[in-house]
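Data block below; observations after.
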Amino acid sequence: MADLVATDHPTLYTIPAHRAFADALVAGLTRRAGRDPLALARALVVLPNNRAVKAVTEAFVRASGGGLVLPRLVALGDPEMGEAVGAALDPADDIDPPLPAVPPYQRRMILARLVSEERAREGHPVDAAEAVRLAGELARTLDQLLVEEVPPTKLRDIELGPELTEHWRRALATFEIVLQRWPGELARLERIDAATRRSALLDRLAQRWRNAPPAGIVCAAGVTDSAPAVARLLRCIADMPQGMVVFAGLDLALPDEEWDALGPHDPHPVTGLTRRSIETHPQFDAKLMLLRMGVARGEVQTWREGGGHDADPARGRAIANALAPADFTGKWTQIAAEDRRLKGVTAAELATPAEEAQAIALVLREALEVPERTAALVTPDRALARRVAAHLGRWGIGIDDSAGRPLSILPPGTLLLALAEAAAQRFSPLALLALLKHPLVRAGDDRLLWLDGARALDRRLRGPRPAAGLDGITGHLEERKGTAATWWTDVQPLLTPLANAFDQGPQPLASVLACLRETAQTLCGDNLWSGLAGRAAAEFLADLEAEAPAGPPRIDPRELPQLLRTLLDEVAVRPAPGGHPRLAIYGLIEARLQTADVMVLGGLNEGVWPGRPAPDPWLAPRIRMELGLPGLERRVGTAAHDFAQALGAPRAVVTRARRDAKSPALASRLWLRLQALAGDRFERASALEGWTRALDDPGEHLPADRPAPSPPALLRPKAISVTEVDRLKADPYAFYARRVLGLMPLDPVDADPSAAWRGTAVHDILEQWWKQDGCTVDTLRLRAKAMLDDERTHPMMRALWQPRLLEAIDWIAGAIVAQGEDGRTVASAEGKGKVEIAGVTLSGRYDRIDKLPDGRLAVIDYKTGKPPSPTAVRAGYSLQLGLLGLIAERGGFPDVSGTAGAFEYWSLGKKRDAFGYIESPVDPEGKRDKIPTAEFTSIAAHNFTEVVGEWLTGSAAFTAKLVPEYAPYAEYDQLMRRDEWYGRER
């Protein structure tokens with residue numbers, strides 16, 4: 001067998017980025033196995049993760065052309081993907097195995113408890129949800145210490161210096177104390193950290209192989225983890241007689257000057273200062289790996305075999321030049337034209353993420369037109385991945401995101417969050433309806449009946465929020481019996497156990513989770529736990545409930561939604577094996593070692609690819625550097641390496657959107673470097689950008705005309721209230737939609753108290769004051785206080801409106817007393833009546849009618865805001881008081897009649913530093929451009945006769961926004977498609 005003789009030097013190779021790694025690896029291993037059919041079967045290939053195992057397996061299948069006994073493919077396990085060390089590296093029959101690893105949720109809960117206790121001891125307590133979040137960050141930092149083999153005691157040797165802020169000093173002190181207590185917790189459990197166990201297993205394996213090397217080929221391929229234990233294992237493999245290490249994309253052509261500049265550097269002999277490493281460079285991890293293996297780059301050879309899906313080598317040189325360290329980019333001006341070429345790479349810049357997703361879907365769809373061509377999307381943006389999958393669905397192409405989706409956005413996760421949120425908010429309307437309408441609740445044969453009830457409840461909960469709690473909902477529904485109230489009697493018992501649990505105050509997390517689980521089961525049945533996401537949710541709850549006693553002893557149930565969201569966001573639900581045979585969507589980790597004919601690199605905006613470095617809340621950047629931990633920017637270098645590897649496909653398309661969901665976006669530094677190096681050779685995918693825009697382009701925009709329906713006389717209403725006359729005259733279409741089509745606007749659910757709602761509340765107070773108290777002055781304020789103190793009153797009303805309401809109410813009582821001294825009395829309040837005029841029934845409801853000393857009537861309307869202007873009244877609008885006076889004069893009100901001699905608005909608004917004032921739209925002598933009082937009812941009657949004669953008894957069309965300055969309401973603007981025609985010159 002060639003290339004397998006023992007040597008004094010480690011056997012090291014690299015497969016350049018422009019070659020298909022898995023196929024090239026398989027081709028080389030097959031050649032090295034020679035003609036011995038069992039040589040491959042005896043071989044052992046160590047790969048970074050299970051996704052790489054799958055990729056190499058598929059490459060062997062492609063290369064075999066028939067039957068083949070595969071080598072043993074073993075995964076090192078990727079901690080970032082939640083993978084453990086492969087079974088072959090952790091044998092069950094080991095005589096003296098390491099202690100088992102502490103379960104993840106048990107570790108998280110213990111660390112949360114320690115953090116909570118230390119923060120409370122320092123006088124800075126945190127709630128349980130925040131403690132769990134901080135515990136996750138602490139666990140990641142602790143893992144980095146363990147992986148990098150930095151002893152926690154090294155923290156004590158660091159000189160903090162005066163520049164370290166109090167925040168970082170406090171965080172470091174807490175971190176140090178927790179680390180001191182953590183080993184005792186592990187000893188009590190007889191467990192060790194997973195990172196410690198992984199390092200121990202790798203070291204034991206390396207020692208075993210040094211003592212007794214395997215008989216066959218041993219190849220470590222594509223491993224990018226530069227942890228010391230991994231480096232020691234790889235060095236052991238490289239030193240074996242039949243061992244070899246194959247790197248992915250190690251750049252042997254990078255000039256030595258640039259290679260040396262990457263770091264890590266030794267301290268300066270005089271100053272003792274250490275130059276900062278360039279951790280953002282794609283080759284930094286590879287250099288660190290070689291240093292830890294104790295080998296030089298010159299000892300690495302280029303793998304001779306290709307993969308059949310290779311790109312032009314010139315592209316690899318251009319990409320390496322584009323990603324050069326910043327201090328060396330000046331060489332770009334001297335680079336030859338052939339070293340700037342990005343042949344086979346095109347760039348598409350779209351306007352929005354939606355357009356970008358559509359463009360990517362088109363590229364993937366186009367690949368299917370060529371037999372056997374494969375294509376893949378690589379992106380760290382999971383929202384973009386989901387959008388692309390949805391766009392492909394329009395062509396009936398099913399494709400899954402191999403990076404998975406967070407459980408928090410999948411139906412079982414959203415159900416648990418909705419249930420916790422509803423209980424935490426004491427079943428406020430929005431949270432309650434979101435829960436009851438969830439697709440998993442009562443899924444099955446009873447779903448339609450359940451939704452009928454939920455929709456009926458939705459209608460009843462529109463408007464300001466009822467009193468808190470399930471009983472508040474019940475009380476609100478009992479005010480008016482109906483379908484919703486009947487349905488609610490069956491629903492309330494299902495939620496009562498959870499409501500009672502949340503009302504009990506702080507309690508053990510396990511008991512709250514048990515109640516949450518039981519309520520979820522009651523609402524959804526076994527459907528909740530079915531499928532991949534359902535099983536993941538069941539395992540999540542079971543594990544968390546089992547380990548909850550190790551965490552903070554008590555939790556406020558109101559903290560549960562945030563705690564669950566923090567943990568559910570971290571649970572990735574990956575698709576089952578299979579998927580589309582020729583298309584794939586990968587995250588950056590999943591894409592490593594993958595091969596496709598067409599690679600689309602999507603989401604190339606700064607903060608996405610590369611992502612923003614996640615801050616470490618425990619250790620300041622300087623402390624991390626002194627400890628020897630990876631810098632926060634290390635992930636930028638890893639993302640750059642992933643970028644360079646993905647560009648190695650025969651055809652590559654890079655895409656970005658000029659803006660994200662909120663604001664304009666900056667192009668990724670990786671995009672800008674390619675653009676700067678290639679210049680006018682940076683090929684734009686103009687055709688793709690055009691297709692994307694054209695796909696949904698209607699070709700011609702035909703805006704709607706202003707609607708002007710003209711129904712027959714039989715369908716035109718023959719009754720109208722005084723408050724609808726202005727709408728009919730200024731916006732006939734809105735009147736048509738409301739009265740002819742019967743389309744009534746709905747209040748929002750859980751609405752803030754609007755001006756109309758406040759007006760209704762005031763009218764209710766004054767109506768009860770008249771009907772039950774007989775306008776006794778002393779009782780009016782008591783009525784207002786009772787309304788404000790009612791638990792059904794919106795808190796905003798109580799907090800912001802109470803002072804002005806009480807002052808205005810006192811003003812009303814005082815004004816009535818003052819007018820009574822002048823001989824004016826309250827004749828009637830809150831009455832209604834109607835009268836026939838011009839063939840139409842005019843109805844109206846008055847707030848109050850007073851009897852003047854001369855026997856005439858004063859018509860009064862209460863306003864919570866500003867009364868109508870005299871200009872509007874003179875223009876023929878806001879004639880409500882005149883029409884009410886007309887009804888009174890024609891005997892339309894059962895309780896009061898006579899000649900109207902005064903018309904007044906009693907406003908509760910503010911004027912001259914006081915709440916409450918009287919304003920009249922008329923004047924006895926017509927002064928200040930007002931209508932004379934004596935003519936008001938006759939003018940109102942004439943105006944009303946003209947209006948109803950034109951639209952109700954006549955045949956005029958109901959034109960939209962006929963007089964827009966007097967049609968301020970927008971309830972029907974969408975129905976009339978106002979924005980398409982309003983203001984457009986025709």
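If you read the sequence from its start, that first residue is 1, and numbering goes on from there. Note that the structure is predicted; figures quoted are calculated from it, not measured.
Ion pair R460/D458 not flagged as a salt bridge, since none of the NZ, NE, NH1 or NH2 atoms sits closer than 4.0 Å to an Asp/Glu carboxylate oxygen. Of the charged side-chain nitrogens involved, none lies within less than 4.0 Å of a carboxylate oxygen, so that R977 and D979 do not count as a salt-bridged pair. A salt bridge is absent between R848 and D861; no separation between the charged side-chain nitrogens and carboxylate oxygens falls under 4.0 Å.
With a 6.0 Å radius and a threshold of 12 heavy atoms from other residues, nucleotides or ligands, R459 has its CZ atom at or below the threshold. Other residues, nucleotides and ligands place no more than 12 heavy atoms under 6.0 Å from the NZ atom of K832. Within a 6.0 Å sphere centred on CD of Q974, other residues, nucleotides and ligands contribute 12 heavy atoms or fewer. In the displayed structure, R727 atom CZ is contacted under 6.0 Å by more than 12 heavy atoms of other residues, nucleotides or ligands.
Between L435 and L495 there is a side-chain heavy-atom pair separated by less than 4.5 Å. Counting heavy atoms from C-beta outward, L470 and W488 have side chains that approach closer than 4.5 Å. Between L728 and L952, some side-chain heavy-atom pair lies under the 4.5 Å cut-off. You'll find the side chain of Q819 reaches within 4.5 Å of the side chain of D850, heavy atoms only. The shortest side-chain heavy-atom distance between E421 and L417 does not fall under the 4.5 Å cut-off. Using a 4.5 Å cut-off on side-chain heavy atoms (C-beta onward), R738 and P745 make contact. The shortest distance between side-chain heavy atoms of L457 and L477 falls below 4.5 Å.
For the side chain to side chain donor-acceptor pair (under 3.5 Å) with T841, the lone residue among K718, K834, E836 that qualifies is E836.
For the atom pair CG of L975 and OH of Y736, the computed distance is 9.0 Å after rounding to the nearest 0.5 Å. Note that CG of L430 is 5.0 Å distant from CG of D750, once rounded to the nearest 0.5 Å. One distance of note links OG of S907 with CD1 of I918; it measures 10.5 Å at 0.5 Å rounding. With rounding to the nearest 0.5 Å, the separation of CG in L743 from CD in E971 is 12.0 Å. Rounding to the nearest 0.5 Å places CD1 of I860 at 11.5 Å from CZ of F903. Atoms CD and OH, on E919 and Y905 in that order, are 9.5 Å from each other to the nearest 0.5 Å.
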### Stepwise side chain to side chain contact (heavy atoms under 4.5 Å, CB included) test for L886 and V835
CA-CA 9 Å; L886 181 65; V835 67; 5.6 Å; no
### Task
Could you please spell out the steps behind the side chain to side chain contact (heavy atoms under 4.5 Å, CB included) verdict for W811 and F915?
CA-CA 8 Å; W811 169 80; F915 289 103; over 6 Å; no
### Query
Are L461 and I473 close enough, and set up right, to give a side chain to side chain contact (heavy atoms under 4.5 Å, CB included), and what steps lead you there?
CA-CA 8 Å; L461 292 181; I473 302 289; 4.0 Å; yes
### Message
Go through it in stages, so that I can follow the logic: the residues are I939 and E935, the test is side chain to side chain contact (heavy atoms under 4.5 Å, CB included), and I'd like the CA-CA distance, side-chain angles, deciding distance and then a yes or no.
### Response
CA-CA 6 Å; I939 290 174; E935 300 175 11; 4.1 Å; yes
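Under a cutoff of 6.0 Å and an axis angle of 45°, K729 and Y877 form a cation-pi pair. The side-chain tip of R455 does not point at the ring of W487 from less than 6.0 angstrom away and within 45° of straight on. With a 6.0 Å cutoff to the six-membered ring centre and a 45° limit on the axis angle, R978 counts as a cation-pi contact of Y982.
Proximity of a side-chain donor or acceptor of T959 to a complementary backbone N or O of L962 within less than 3.5 Å is not detected. For R856 (side chain) and K851 (main-chain N/O), no donor-acceptor pair under 3.5 Å exists by modelled atom type. With D660 contributing its side chain and S663 its backbone, the two residues share a donor-acceptor pair below 3.5 Å. At distances below 3.5 Å, at least one donor-acceptor pair connects side-chain atoms of D556 with backbone N or O atoms of R558. Listed for the R716 side chain is a donor-acceptor partner under 3.5 Å among the backbone atoms of W951. Under a 3.5 Å cut-off, the side chain of D847 and the backbone N or O of Y862 do form a donor-acceptor pair. Looking at D822, its side chain never comes within 3.5 Å of a backbone N or O of R824 through a donor-acceptor pair. Looking only at distances, no side-chain donor or acceptor of R659 sits under 3.5 Å from a matching main-chain atom of P353. Not one N or O on the side chain of R447 forms a donor-acceptor pair closer than 3.5 Å with the backbone of R442. A distance-only check finds a donor-acceptor pair linking the side chain of E724 to the backbone of S721 [under 3.5 Å].
In this structure, A900 and T937 approach most closely via the heavy-atom pair CB-CG2, 4.3 Å. Heavy-atom minimum distance, R426 versus A468: NH1-CB, 3.8 Å. Of all heavy-atom pairs between S878 and A872, the closest is OG-CB, 4.1 Å. When all heavy atoms of F936 and G882 are compared, the pair lying nearest together is CE2-N, 3.3 Å. Residue F944 comes nearest to I720 through the heavy atom pair CE1-CG2, 3.6 Å, listed as atom of the first residue, atom of the second, then distance. The two residues L852 and A858 make their nearest non-hydrogen contact at CD2-CB, 3.8 Å.
T899 and E889 share no donor-acceptor pair across their side chains, judged by distance under 3.5 Å alone. When only modelled atom types and interatomic distance are considered, T474 and Q492 share a side-chain donor-acceptor pair under 3.5 Å.
Two rings, from Y846 and F893, have their centers less than 6.0 Å apart.
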